[in-house]
Amino acid sequence: MVEKLIQFAVHNKFVVLTLSFFLFGWGIYSVQTNPIDAIPDLSENQVIVFTEWMGRSPQLIEDQITYPLVSNLQGIPKIKNVRGTSMFGMSFVYVIFEDNVDVYWARTRVMERLNYAQRLLPQGVTPSLGPDGTGVGHIFWYHLEAPRMDLGEQRALQDWYVKFALQTVKGVSEVASFGGFGKQYQINIDPYKLNYFNVPLMDVLNAVRKNNNDVGGRKFEMSDMAYIVRGLGYIKNTKDIEDIPIGNYGSVPVRIRDVASVQMGGELRLGIFDVDGEGEVVGGIVVMRYGENADAVIKDVKLKMKEVEKGLPPNVKFKVSYDRSELIEAAVASVKGTLIEEMITVSIVVLIFLLHWRSAIIILIQLPISVAIGFILLNAFGISSNIMSLTGIALAIGVVVDDGIVMVENAYRHLSEAQLKKEKNESL
């Protein structure tokens with residue numbers, strides 16, 4: 001079989017060259033389309049279900065949310081395992097699927113089952129799916145440099161402008177904000193005043209909830225004019241909250257300001273984000289969507305940040321905290337350097353020991369074609385170009401070089417012996 005293959009290659013040089021150029025071109029296309037990342041994604045194929053029920057203990061979260069969700073999500077097909085974690089005010093359920101299951105098919109099945117499990121949860125509690133990313137999807141971190149803005153204003157700028165703009169980038173699953181203070185209206189109720197005015201606490205909560213809303217009306221005509229009636233009730237400042245009525249004391253209405261103090265404050269924080277020990281900052285984490293090209297996504301994010309930066313307030317700029325593209329480019333450059341070094345070394349070795357430039361060209365042609373075929377196989381099996389796969393290609397280059405030198409030297413020896421034998425026979 002091998003002998004027939006060699007005979008076919010020797011007698012059909014045009015076919016061999018055409019096939020070689022085709023494989024090389026296909027390999028270049030595979031290099032351009034293959035997802036490039038620095039870290040191999042070895043995480044499990046999972047879907048995260050997140051549920052928030054603030055103010056409840058971990059045991060209550062376990063009994064009322066985590067256990068009903070885990071017990072109902074186990075009936076989904078192609079599941080390996082279902083894990084649940086309960087903490088103060090939050091529940092996480094990790095649905096682990098088989099490795100060959102499409103991640104979006106899995107998310108659809110989980111969402112279908114959540115529609116059924118919703119009725120088993122407490123009123124007002126709604127579970128949601130986590131981002132369609134993995135544990136190694138945190139590809140880019142940034143923070144804002146805003147010396148003239150406080151942390152609350154920076155966080156508002158991040159949440160309501162920067163985050164929404166960056167989430168439109170292709171391949172980005174989520175932009176998670178961190179640092180600063182999340183602005184909120186805080187109502188500090190005096191229990192003694194509630195008791196004095198005989199107002200239940202739930203009446204205060206319901207009054208605030210009902211008064212923070214717009215109400216639609218109907219249209220009526222008067223004097224050849226059409227009027228649309230609607231009630232504007234959205235809260236815009238602390239005074240709007242202070243004026244909300246919550247009951248009556250005799251014939252006098254009791255308002256929020258009579259039983260509580262209202263202020264604008266920061267949301268409860270469980271940590272801070274500090275840069276180089278110089279102070280707190282506000283920023284975001286760009287999470288890549290599952291299976292995307294990390295290098296291409298980072299480049300698109302940087303281009304989008306240049307556009308977003310034009311709309312930022314004066315003296316506000318982006319600063320990069322973590323950029324994985326540097327590691328990606330270093331890994332790719334290492335493979336390129338190794339390939340070039342191997343080609344130069346092999347050429348020198350062949351020229352010195354064989355003194356035959358055509359043999360050196362044969363090996364130089366063999367190396368890039370072998371690497372190209374390697375990328376074709378990476379694409380075929382859905383493997384990204386990362387440190388592990390690129391290192392494997394770099395190591396394989398040495399094997400290809402050794403094989404090429406041995407085969408060329410052996411062919412050169414056989415040709416020399418055949419030529420000497422032919423000259424000997426002619427002399428006789």
Side-chain angles (χ1 to χ4, degrees), residues 30-50 92 94-108 110-111 128-144 158-159 161-179 273 281-309 318-335 375 378-391:
S30 300
V31 171
Q32 296 175 348
T33 58
N34 186 255
I36 302 176
D37 201 347
I39 306 172
D41 191 354
L42 302 178
S43 57
E44 293 182 301
N45 189 6
Q46 67 179 4
V47 177
I48 302 175
V49 180
F50 168 70
F92 292 91
Y94 304 90
V95 185
I96 314 299
F97 285 85
E98 297 176 0
D99 294 336
N100 59 347
V101 175
D102 180 72
V103 62
Y104 296 104
W105 181 90
R107 292 173 66 87
T108 303
V110 172
M111 182 61 70
S128 59
L129 297 184
D132 51 343
T134 63
V136 296
H138 296 190
I139 59 174
F140 191 81
W141 291 35
Y142 67 91
H143 65 271
L144 301 176
Q158 160 65 23
D159 287 340
Y161 177 64
V162 178
K163 176 180 178 179
F164 293 149
L166 295 182
Q167 284 184 164
T168 61
V169 177
K170 180 182 178 182
V172 173
S173 173
E174 183 186 23
V175 179
S177 301
F178 58 82
F273 186 79
V281 294
V282 175
I285 303 173
V286 179
V287 183
M288 180 183 66
R289 185 169 286 114
Y290 177 82
E292 292 288 339
N293 190 331
D295 189 51
V297 173
I298 293 175
K299 291 180 181 178
D300 293 340
V301 168
K302 290 180 179 179
L303 292 176
K304 189 66 176 181
M305 289 175 67
K306 292 181 179 179
E307 298 178 6
V308 173
E309 199 169 23
F318 286 113
K319 292 294 182 180
V320 178
S321 305
Y322 167 72
D323 185 359
R324 192 185 293 175
S325 62
E326 298 177 358
L327 183 58
I328 295 173
E329 293 172 359
V332 174
S334 176
V335 175
F375 278 97
L378 287 180
N379 262 3
F381 290 99
I383 302 174
S384 65
S385 300
N386 51 67
I387 289 179
M388 299 297 292
S389 58
L390 294 180
T391 303

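Only a predicted model underlies this, so the values are computations on that prediction, with no experimental measurement involved. We're numbering straight along the sequence, starting at 1.
Heavy atoms only, all atoms of each residue included: Tyr322 and His138 are closest at CE2-O, 3.4 Å. For the residue pair Val47 and Arg107, the shortest heavy atom distance occurs at CG2-CG, 3.8 Å. Heavy atoms only, all atoms of each residue included: Tyr104 and Tyr290 are closest at OH-O, 4.5 Å. For Ala106 against Val101, the heavy-atom pair with the smallest separation is CB-CG1, 4.1 Å. Closest non-hydrogen pair, Ser177 versus Asp159, comes out as OG-OD1, 2.8 Å. In terms of heavy-atom proximity, Phe375 sits nearest to Ser30 at O-CB, 3.7 Å.
Looking at Asp300 and Lys304, no side-chain N of the basic residue comes within less than 4.0 Å of a carboxylate O on the acidic one, giving no salt bridge.
You'll find the side chain of Leu144 stays beyond 4.5 Å of the side chain of Lys319, heavy atoms only. Between Phe92 and Ile48, some side-chain heavy-atom pair lies under the 4.5 Å cut-off. With a 4.5 Å cut-off on side-chain heavy atoms, Asp323 and Ile298 count as touching. Glu307 places none of its side-chain heavy atoms less than 4.5 Å from the side chain of Leu303. You'll find the side chain of Glu98 stays beyond 4.5 Å of the side chain of Asn45, heavy atoms only.
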Show your working on side-chain contact (heavy atoms from CB on, under 4.5 Å) between Lys302 and Ser325 and close with a plain yes or no. CA-CA 11 Å; Lys302 290 180 179 179; Ser325 62; 3.4 Å; yes
Kindly indicate, with the supporting measurements, whether the criterion side-chain contact (heavy atoms from CB on, under 4.5 Å) is fulfilled by Leu166 and Tyr142. CA-CA 11 Å; Leu166 295 182; Tyr142 67 91; 3.6 Å; yes
Under the side-chain contact (heavy atoms from CB on, under 4.5 Å) criterion, do Phe97 and Gln46 qualify, and how do the steps go? CA-CA 6 Å; Phe97 285 85; Gln46 67 179 4; over 6 Å; no
Assess the residue pair Ile285 and Val175 against the criterion (side-chain contact (heavy atoms from CB on, under 4.5 Å)); give the C-alpha distance rounded to whole Å, side-chain angles, the decisive distance to 0.1 Å, and a yes or no. CA-CA 5 Å; Ile285 303 173; Val175 179; over 6 Å; no
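Formation of a donor-acceptor pair under 3.5 Å by the Ser173 side chain with backbone atoms of Asp132 is found in this model.
Checking Asn379 against Asn34 by side-chain atom types alone, a donor-acceptor pair falls below 3.5 Å.
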